[in-house]
Amino acid sequence: MTLYSQPRHHPDPDLLLAYAGGSLAEVKALFVATHLAYCPACRARVRAFEAQCGEWLEACDPAGADDPAVEDMLAAVLGMIDSGLPGEPPPAGRTPPPARLAWMPEPLRSYRGLPDADGWDEVSPGVALSAWSYAAGGTSARLLRMAPGAAVPAHHHAAMEGLLVLQGCFTDEYGSFTRGDAVTYGAGSDHHAKGAGVEDCICLLVLDADLVFLDEG
Amino acid sequence: MDHGTGDEAVAVARQVRAASAEGLLLAVGREGSREAFAGLFRLFAPRLEGYCRKLGADPPMAQELTQETMLAVWRKAATFDPASGSATGWIFAVARNRYIDRVRRELRPEPDPSDPALAGADAHTPEAVVSAAQQGRVLADALGNLPPDQSEVLRLAYFEHRTQSDIATALGLPLGTVKTRTRLGLRRLRELMKA
């Protein structure tokens, strides 16, 4: 098995904290979680934030906790355990993802329709967006593919954009990004991503607004 | 009798609770101990219910989430590994995932520890494991050592899921002050992640 170096570009602590605490909406949580699959250091960071949340939980005021109510709830839960409750329900209809996606880590590989949607729509020579996309809560996710040397056409950044490298590498004015690297661009920022290296670069692309390519006529 | 200072007493009490939470969770996971489960339940159920209320659940939903969380704790206790995190953090994560599922009705994307494509699962040298764990400890220490006014706004934002303007109202502070404290707290964490 190929040994890859650890990612050098990590999601901002704002995203890691919101992911650990649970306030981060699903599509951005997918972005963070897929980076975690590449990054043992960020997995440890998220666990550290969860431990902090655990301490905050212990410090929470008990909810109107008169003892009888707690004992009643405990009795009810023990009753459910005794009545031989069915085990953990199996994950809902999760079919094994196709072998062509074996290179892609979970949770992306099985995510919402991705395994069933093959194909790409070319937006400019060497640059394509996946036929698959998913949007919820104002954020969309899709895959972006750049051939070596192919530049993504100029586009408006009305809101946050995040790129997570799944394969290959790309460069822009902020640096060079390889497998597992996560980078986010704020609203109004400009960047010009370009495929680099010898193989196609494939990224998970998350956007807080619609992607609008400028007509360069 | 010397009870030490108030702060010390609180710190000691927290350590005792943390140690007992871990012992109880391990006893549930390894031996299926009902006594240990009852102990965990009495310790956490009232706090989980209070936390769900803070997140906006109404009282019946808060009770339901609490019961479901504790049921999931019983079922999954055997998967708790004390080497990879604290018991209280583990219980928090179970509750968080129930909340996302039941109240927000969203999926919770998480890496799969059994995924062959997971980095570090196939090739973890002891050095890599230690260095990842250190990254976690560095951030945990940093969170613990932030000035209390910064740590409080981070707690309200990320643990209680409150907006900046909501936090400003709750603390009786100008919005700009809340934004500054948040920015300073996050900047400290960001610096440590680059170090």
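Here is how names work: the chains are called A, B, and so on, in the same order as the sequence lines, proteins then strands, and each is numbered from 1.
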Inset, instruction - Between chain A and each of B:Pro111, B:Gly89, B:Ala93, B:Ala140, count heavy-atom pairs under 4.5 Å; write down the option with the most. - result: B:Pro111
Legend entry - Largest heavy-atom contact set with chain B, pairs under 4.5 Å, which of A:Arg109, A:His10, A:His35, A:Met104: A:Arg109
Inset, instruction - Name the option with the most non-hydrogen atom pairs under 4.5 Å to chain A; the candidates are B:Asp141, B:Ile91, B:Leu107, B:Thr182. - result: B:Leu107
Legend entry - Under 4.5 Å from a heavy atom of chain B, the part of A:Phe31 involved: neither
Legend entry - Beyond-backbone contact of B:Leu118 with A:Arg43, side-chain heavy atoms, under 4.5 angstrom: yes
Legend entry - Contact origin within B:Ser84 toward chain A - heavy atom pairs under 4.5 Å: both
Legend entry - salt bridge (Lys or Arg N to Asp or Glu O under 4.0 Å) between B:Arg34 and A:Asp82, worked out: CA-CA 11 Å; B:Arg34 291 166 65 99; A:Asp82 285 339; 2.6 Å; yes
Legend entry - Portion of A:Arg47 that has a non-hydrogen atom of chain B nearer than 4.5 angstrom: side chain
Inset, instruction - Counting only heavy atoms closer than 4.5 Å, note whether B:Phe44 contacts chain A via side chain, backbone, both or neither. - result: side chain
Legend entry - Heavy-atom side-chain proximity of A:Leu78 to B:Phe41 below 4.5 angstrom: no
Legend entry - Set of side-chain contact (heavy atoms from CB on, under 4.5 Å) partners for B:Ala38, sequence neighbours left out: A:Leu74, B:Arg42
Inset, instruction - Among B:Asn97, B:Leu139, B:Leu154, single out the residue with the greatest number of heavy-atom pairs under 4.5 Å to chain A. - result: B:Leu139
Legend entry - Distance, nearest 0.5 Å, that separates CD of A:Gln52 from OG of B:Ser151: 6.5 Å
Inset, instruction - To the nearest 0.5 Å, tell me how far A:Cys60 SG sits from B:Tyr51 OH. - result: 7.5 Å
Legend entry - Contact origin within B:Arg96 toward chain A - heavy atom pairs under 4.5 Å: side chain
Legend entry - Contact winner vs chain B - A:Tyr111, A:Phe49, A:Trp103, heavy-atom pairs under 4.5 Å: A:Phe49
Inset, instruction - Against chain A, label B:Leu186 side chain, backbone, both or neither, depending on which of its atoms sit under 4.5 Å from a heavy atom there. - result: both
Result block: side-chain N/O donor-acceptor pairs under 3.5 angstrom for residues 134-141 of chain A, not counting sequence neighbours:
from	atom 1	to	atom 2	distance (Å)
A:Tyr134	OH	A:Arg112	NE	3.2
A:Thr139	OG1	A:Asp208	OD1	2.8
A:Ser140	OG	A:Arg142	NH2	3.2

Legend entry - Inter-chain contacts: residues 54-69 of chain B against chain A, heavy atoms under 4.5 Å: B:Lys54, B:Gln63, B:Thr66, B:Gln67
Inset, instruction - Calculate, to the nearest 0.5 Å, the distance between atoms CZ and CG belonging to B:Arg155 and A:Leu17 respectively. - result: 14.0 Å
Legend entry - A:Asp12 portion near chain B, given a 4.5 angstrom heavy-atom threshold: side chain
Legend entry - Which atom of B:Arg108 lies closest to which atom of A:Gly22, heavy atoms considered: NH1-CA, 4.4 Å
Legend entry - Side chain, backbone, both or neither of A:Leu16 within contact of chain B (heavy atoms, under 4.5 Å): side chain
Inset, instruction - Kindly write out the residues that satisfy ring-ring contact (aromatic ring centres under 6.0 Å, His included) with A:His192, not counting sequence neighbours, or none if the list is empty. - result: none
Inset, instruction - Go through the atoms of A:Arg8 and report whether side chain, backbone, both or neither lie under 4.5 Å from a heavy atom of chain B. - result: neither
